[in-house]
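The structure appears right after this line, and notes come after that.
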Amino acid sequence: MSKNRVLSGVQPTGNLHLGNYLGAIRNFVKLQKDYECFYMLADLHSITVFQDPKILRENILETAAVFIACGLDPKKNIIFCQSSVSGHAELAWIFNCVSRMGWLNRMTQFKEKAGSNKEKASVGLFAYPNLMAADILLYKASHVPVGEDQKQHLELCRDIALKFNNDFNKKDFFALPEPIIIKEVARIMSLKDGTKKMSKSEESDSSRINLTDDENLIEQKIKKAKTDSGMLPDNLNDLEKRPEAKNLLSIYSIFKKISLQQSIQEFSGKNFSDLKDKLSDILIKEITPIGKKIKEIKKDRSKLKDILMDGKERANQVARQTIKEVHEIIGLTL
Ligand code: AQP
């Protein structure tokens, strides 16, 4: 097994935004220097809620284009579609039989995503963490970059690995993956409601900065971003009570590479419009070049498909070996 192997992914559910960039993709780019990285377009995860097939197909290519535009090198990294490597679904089924109902019942993300209508949620949405465990353990990844929301799922993945090893008396077959906690980036929140996360599937486009938004759109969205009536505060305690101000200042701090405390000092006692002007400028500078690259890369669909085909082959080589070993361990070979 290779040391320092990373597995992560993004669901191809369209509208990749600032949150996906700061919370995930920008870190993928940093990790490619020190780790052997497997980055998947998590299409099997995306269908846990209904996706229009035509749109899904487009979104898969779009997400691949985003990966490349943000700086992921398809030679250095293995970039592939989850569904193109059958081992994900095969191992997920085996883990459905290892994982316990009680464990999944404790997953808070299912409760949030299924909302009040649990009976109508797909079985896939409930079993999603087992598939995530399969994604990671299929490649025997040593590290997984996770945000706050995925920490519980990674714990479950470790529990599954441990139970598998114990059940079949194969100590250390699956090493327990370690999280890479992305500290500096808190959750990026909706521009319309500072208590909700910025999300691809949120209906209102003005709730997020998409990576393909042009200068005008970015400026308009920041101008219209929800604020409260006060001046910007001069301390962290007061900021904590003002989610919209905190969100805008946090985004500003990340791009300026300064602490939140320094941003508070810079804008203390000023109007939101001062912050918004500067934030627009910095977002335009950082995001529009990525958007232009995405549009350019998307023009060459066959090149994108070749990248995914190459990734599929390289991912499959590793995946097939794990599936073979797992089949032997659990008695599925004659
Ligand atoms: N608002 C966010 N702030 C910080 N990180 C975020 N991520 C998503 N939204 C934010 C991170 O992006 C990665 C990919 O996410 P995903 O597509 O696999 O699923 P998600 O978390 O459900 O993302 P969205 O944008 O909210 O998509 P939909 O609307 O389809 O559910 C993850 O690492 C995630 O933490």
Side-chain angles (χ1 to χ4, degrees), residues 6-31 37-52 55-56 58-60 62-64 66-67 70 72 79 81-83 88 107-115 121-122 124-125 128-129 131-132 135-136 141 143-154 157 179-205 207-213 221 225 243-244 246-248 250-251 253-255 283 287:
V6 156
L7 177 287
S8 197
V10 172
Q11 298 183 57
T13 37
N15 300 323
L16 271 92
H17 52 76
L18 197 60
N20 299 130
Y21 177 63
L22 295 177
I25 304 168
R26 199 176 68 144
N27 300 296
F28 294 177
V29 177
K30 289 184 192 155
L31 292 172
C37 300
F38 288 68
Y39 291 129
M40 62 175 190
L41 310 173
D43 51 358
L44 293 178
H45 285 289
S46 73
I47 59 168
T48 53
V49 289
F50 181 78
Q51 304 293 325
D52 179 313
I55 298 175
L56 177 59
E58 281 311 303
N59 283 340
I60 288 172
E62 163 108 12
T63 309
V66 170
F67 277 10
C70 290
L72 286 183
I79 297 174
C81 240
Q82 185 187 26
S83 64
H88 290 263
M107 295 297 113
T108 51
Q109 199 183 70
F110 174 73
K111 289 176 195 154
E112 281 161 23
K113 288 208 167 180
S122 71
L125 191 66
Y128 170 117
L131 176 58
M132 180 171 152
D135 300 332
I136 298 164
H143 291 83
V144 184
V146 281
E148 277 300 313
D149 59 336
Q150 292 296 334
K151 260 164 70 182
Q152 199 185 26
H153 291 166
L154 186 64
C157 170
I180 299 175
I181 307 279
I182 302 149
K183 283 193 209 101
E184 92 221 46
V185 176
R187 197 120 278 249
I188 306 299
M189 308 310 273
S190 158
L191 299 179
K192 293 275 148 205
D193 178 349
T195 62
K196 273 172 117 183
K197 78 164 188 160
M198 188 177 281
S199 186
K200 302 186 211 93
S201 49
E202 163 61 50
E203 228 169 273
S204 161
D205 191 59
S207 68
R208 64 183 162 259
I209 302 289
N210 299 312
L211 296 179
T212 48
D213 285 348
K221 285 181 180 179
E244 284 79 23
K246 185 177 176 201
N247 190 35
L248 297 180
S250 300
I251 300 170
S253 312
I254 293 167
F255 282 116
L283 283 172
I287 299 299

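When a ligand or atom number is given, it counts from 1 through the structure's own listing order. Values reported hereafter were calculated over all heavy atoms of this structure, with side chains retained and with hydrogens, waters and symmetry mates removed.
Counting heavy atoms from C-beta outward, Leu56 and Pro12 have side chains that approach closer than 4.5 Å. Two residues are said to be in side-chain contact when any heavy atoms from C-beta on lie closer than 4.5 Å; Gln150 and Val144 fail this criterion. Looking only at side-chain heavy atoms (C-beta outward), Val6 and Pro145 come within less than 4.5 Å of each other.
Contact between Val10 and ligand 1 is present, with at least one heavy atom of the residue lying under 4.0 Å from the ligand.
Listed by atom number, the atoms of ligand 1 under 4.0 Å from Met198 heavy atoms are 1 (N), 2 (C), 9 (N). Atom numbering of ligand 1 starts at 1 in the shown order; those under 4.0 Å from a heavy atom of Thr13 are 30 (O). Contact atoms of ligand 1 toward Gly23: 4 (C), 5 (N) (distance under 4.0 Å to a heavy atom of the residue). Set against the non-hydrogen atoms of Arg187, the atoms of ligand 1 under 4.0 Å away are 3 (N), 5 (N), 6 (C), 35 (O).
Tyr39 is linked by a ring pair (Phe, Tyr, Trp, His ring centres under 6.0 Å) to Phe28, counting only residues two or more places apart in sequence or in another chain. Every residue two or more places apart in sequence or in another chain that forms a salt bridge (Lys or Arg N to Asp or Glu O under 4.0 Å) with Asp213 is listed here: Lys221.
Side-chain atoms of Asp43 never come within 3.5 Å of backbone atoms of Gln11 as a donor-acceptor pair (strictly under, hydrogens ignored).
Only the side chain of Lys113 comes within contact range of ligand 1, with a heavy atom under 4.0 Å; no backbone atom does. Contact annotation: for Ile188 versus ligand 1, heavy atoms closer than 4.0 Å belong to both the backbone and the side chain. At a heavy-atom distance under 4.0 Å, no atom of Glu202 approaches ligand 1.
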- Task: Kindly indicate, with the supporting measurements, whether the criterion side-chain contact (heavy atoms from CB on, under 4.5 Å) is fulfilled by Leu211 and Asn20.
- Result: CA-CA 9 Å; Leu211 296 179; Asn20 299 130; 5.7 Å; no
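A salt bridge is defined here as a Lys NZ or Arg NE, NH1 or NH2 lying under 4.0 Å from an Asp or Glu carboxylate O, and Lys192 with Glu202 fails to meet this definition.
Distances between N or O atoms of Ala24 and those of ligand 1 include no value under 3.5 Å. Geometrically, ligand 1 and Met189 share no nitrogen or oxygen pair separated by less than 3.5 Å.
The residue from Lys197, Arg208, His17, Gln11 that puts a heavy atom closest to atom 23 (O) of ligand 1 is Lys197.
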